[in-house]
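Single-structure report; data block below.
All chains are named by letter (A, B, ...) in the order of the sequence lines, taking the proteins before the strands, and each is independently numbered beginning at 1. All of these numbers come straight from a predicted model, not from anything done at the bench.
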Protein chains: 4
Amino acid sequence: MKSTAANSFGHAGPHRNEGARQAVLDAADDLLVERGFAGVTMEGIATKAGVAKQTIYRWWKSKVDVLLDNLEQDGEMALAWPVSDATPTDRLISQLTRIENFLHSEAAGKVMQALIGQALHDRETAQKFREGFLFNQRKRDLAGLREVLEELDCAPKDERVLEELLDQIIGPIHYRSLVLGQRSDQELLVRSVEAMLRDAQVRVQR
Amino acid sequence: MKSTAANSFGHAGPHRNEGARQAVLDAADDLLVERGFAGVTMEGIATKAGVAKQTIYRWWKSKVDVLLDNLEQDGEMALAWPVSDATPTDRLISQLTRIENFLHSEAAGKVMQALIGQALHDRETAQKFREGFLFNQRKRDLAGLREVLEELDCAPKDERVLEELLDQIIGPIHYRSLVLGQRSDQELLVRSVEAMLRDAQVRVQR
Amino acid sequence: MKSTAANSFGHAGPHRNEGARQAVLDAADDLLVERGFAGVTMEGIATKAGVAKQTIYRWWKSKVDVLLDNLEQDGEMALAWPVSDATPTDRLISQLTRIENFLHSEAAGKVMQALIGQALHDRETAQKFREGFLFNQRKRDLAGLREVLEELDCAPKDERVLEELLDQIIGPIHYRSLVLGQRSDQELLVRSVEAMLRDAQVRVQR
Amino acid sequence: MKSTAANSFGHAGPHRNEGARQAVLDAADDLLVERGFAGVTMEGIATKAGVAKQTIYRWWKSKVDVLLDNLEQDGEMALAWPVSDATPTDRLISQLTRIENFLHSEAAGKVMQALIGQALHDRETAQKFREGFLFNQRKRDLAGLREVLEELDCAPKDERVLEELLDQIIGPIHYRSLVLGQRSDQELLVRSVEAMLRDAQVRVQR
DNA sequence: CTGTAAGCGAGACGGTACGTCTAGTCTTTTA
DNA sequence: TAAAAGACTAGACGTACCGTCTCGCTTACAG
């Protein structure tokens, strides 16, 4: 606790006020949960966060940017592959469960759904969402999956095949969640992984 | 040519003006393609269609309703399983191709993406979209898939398993399209169907 | 009581809502008296009048236009030369008194002072103020003065001289009011008129 | 010449930076000429002067104070009664001409018009303007006029009469300039002085 | 065969949020 | 300790749409 104590909140100096930053992120998140995406407005965030609109515009270009900032903060933590000594299959199932739970989680899941929704409306949002979050997460998932498959001796050489195998398991989860609006139960995830592993073995033998 | 001549357009009588209806649907579609979802506004539609705002509100509750009306008209046609004497597998692949093409089509695909996007923002849109379009289409696809699997002697008894098998093939396509923003090539669709059929056979043997 | 009764106020049709118009004019006037010129804002007027900002912008370009509208309504009435059987000199003094009182009146005087103030800040306001109010009033005052001088047999032939004579009596009043912030008492006005009449006679003899 | 070297400009020491002061005054004046009164903003002055906003607020309460500072500097010099051996009447006419020219001068005249304009909007500005500039100038003009009248043997005993005589000549000039937006030509000034002198003589005989 | 009721184009209305601008305050860092 | 730099809260600016409304016209059907 040194000089940073001065910036606890309240007023600010020439450097960025960290308290204001977090207040904005939290306010946006709260509004999304309480009132949905249309209820997230720059004015609403400002009021709720006790912050001037100009302060938001100084650091973020739009409400989408604010939400994306939230997602980058929360999502990368919640979707990391944890260190584990479980069997490869179990580790894979457990990651799939983590993804499914994340998609339906109260705060972070709503943010992600809102951003995917907006990405479908707006090309620029799509790009930001993918580059700011999705592709990073995808890299981590591909690496995790590769490790699992290597332990099971069915890792493909071709990276594109690995991507196909990943999409075989996460595609249906997302489709059910985002499009159908349905959760995927544990059994389904297990069968999905089994089917994919069978396919991986078939492919590797060719 | 009797009473319809009066309703050709221009002005109207006590019955609904069909010209105005189509002009509204077309204007909404055009605006979506030209300016994206945010560019579709009630005022914009009214101006472009040469129609009073009140006329739109008389027949549709919101711009989402207008777009959904469009989708119901176009989508059900473009996604029907055609009568064909091809092999079951080929028919399945061809339907999958049809879906993939539809998702990326200029007009109808944009409408569908916009509606899915809005469904992710708004519960009510989600419900309308599913009940007005998605569930109907899903029923047709489930019936088509069942027929294919029956011919291949691997149709499951349980309807829920059939749904899982359907999601195995359409889930990844949608995920790539909606979330990753990538097209799925023909090869991928073929391998996807093969993997699903293998899984169906495994399941039916149990 | 015919069809116009429908537009008493509340909501409006495709024609201008007279109630809203008057509410805006009154709100602007009230704000000016209560809070001064800086306290007259488009938002404040809108709130006080119970009117949407867009409604103000639809009919007036700026708050200056609103105030000018007020002045045109009030000023032309308060500064008219009334029909009178008093002596010419008395009529002139009485008009001068009327002007002096007007300049210091609660509502209309404040509006006029505000507009002259703004005219000194902004060329466009100056032009509007002059063309919308000042020059009309000046014409009436010149006509009134000419009549008075004719009855006293000292009306100049040259219009420019007439203007000079007018400015001899109204210039000091305005200077004291606008620049010095002082009222001119009745005695002063009387002496001012006497001096001017003496000058008019001198001039006419040449 | 010791510590002043440090205060040459750029950065500053513990004492007031004279360079900054002048830069602020000049910037305000420039902005007024270039963009009008509304274009004179604290931010604009700060930017143009290369000075921090806080520095302005440290020494002046508002932009009006800055402009008034300018006027006090320039106005008192430009409006002084010079020593002259001309006839009294000519000296008076020449002072009147000086005033008229000042009101229409590029820099100082604009400042004065702006301040009078703002004084009409705001009581506090009015007071500052009068006490900081106007009343001082008026004292000088009254003294000058008294001297002229004494030489012509028609100086009134009553100071209030002297003020009235002054307003007879400067009132119309200001009215034409500030309200009508018109210049007064030399001839007019001459006739105005003649009329006033005639009135002074009439009054003194009573 | 005529009134009446509905659909229609037009557009004014009260609102909400937008993104920008400036005000005036405060804090940090430099000299 | 003055000054430059600039982040901060506050609030008005003028614009764009929202969804509701009123108007005046046109036209189909009912009495």
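Across the protein-nucleic acid pair, D/K48 atom NZ and F/dA5 atom P stand 17 Å apart, rounded to whole Å. As rounded to whole Å, 17 Å separates atom P of F/dC29 from atom CZ of B/R16. In this structure, the CD1 atom of A/I56 is 12 Å from the P atom of F/dA10, given to the nearest Å. What separates CZ of B/R21 from C1' of E/dG7 is a distance of 16 Å, to the nearest Å. As rounded to whole Å, 12 Å separates atom P of F/dA16 from atom CZ of B/R35. Residue C/H15 contributes atom NE2, which lies 19 Å from atom P of F/dC21 at whole-angstrom precision. One interatomic measurement links the two molecules: CZ of C/F37 to C1' of F/dA12, which rounds to 14 Å at whole-angstrom precision. Rounded to whole Å, the distance from CZ on D/R58 to P on F/dA5 is 13 Å.
Contact check for C/Q118 versus C/F37: side-chain heavy atoms found under the 4.5 Å cut-off.
For B/E34, the salt bridge (Lys or Arg N to Asp or Glu O under 4.0 Å) partners at least two apart in sequence or on another chain are B/K48.
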Between protein and nucleic acid, restricted to nucleotides 19-23 of chain E and to nitrogen or oxygen atoms under 3.5 Å apart, what atom pairs and distances do you find?
{"residue": "E/dG19", "atom": "OP2", "partner": "A/Y57", "partner atom": "OH", "Å": "2.6"}
{"residue": "E/dG19", "atom": "O5'", "partner": "A/Y57", "partner atom": "OH", "Å": "3.3"}
{"residue": "E/dG19", "atom": "N7", "partner": "A/K53", "partner atom": "NZ", "Å": "3.0"}
{"residue": "E/dG19", "atom": "O6", "partner": "A/K53", "partner atom": "NZ", "Å": "2.8"}
{"residue": "E/dC21", "atom": "N4", "partner": "A/Q54", "partner atom": "OE1", "Å": "3.2"}
{"residue": "E/dA23", "atom": "OP1", "partner": "D/M42", "partner atom": "N", "Å": "2.9"}
{"residue": "E/dA23", "atom": "OP2", "partner": "D/M42", "partner atom": "N", "Å": "3.0"}
{"residue": "E/dA23", "atom": "OP2", "partner": "D/E43", "partner atom": "N", "Å": "3.0"}

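Within the 4.0 angstrom heavy-atom criterion, base atoms lie near A/T55.
In the set E/dC8, F/dC8, E/dC13, the nucleotide with an atom closest to the side chain of A/A20 is F/dC8.
From D/L71, atom CG reaches atom CG of D/D29 across 10.0 Å, with rounding to the nearest 0.5 Å.
If you run side-chain contact (heavy atoms from CB on, under 4.5 Å) between C/V40 and each of C/L32, C/V64, C/V66, only C/L32 comes through.
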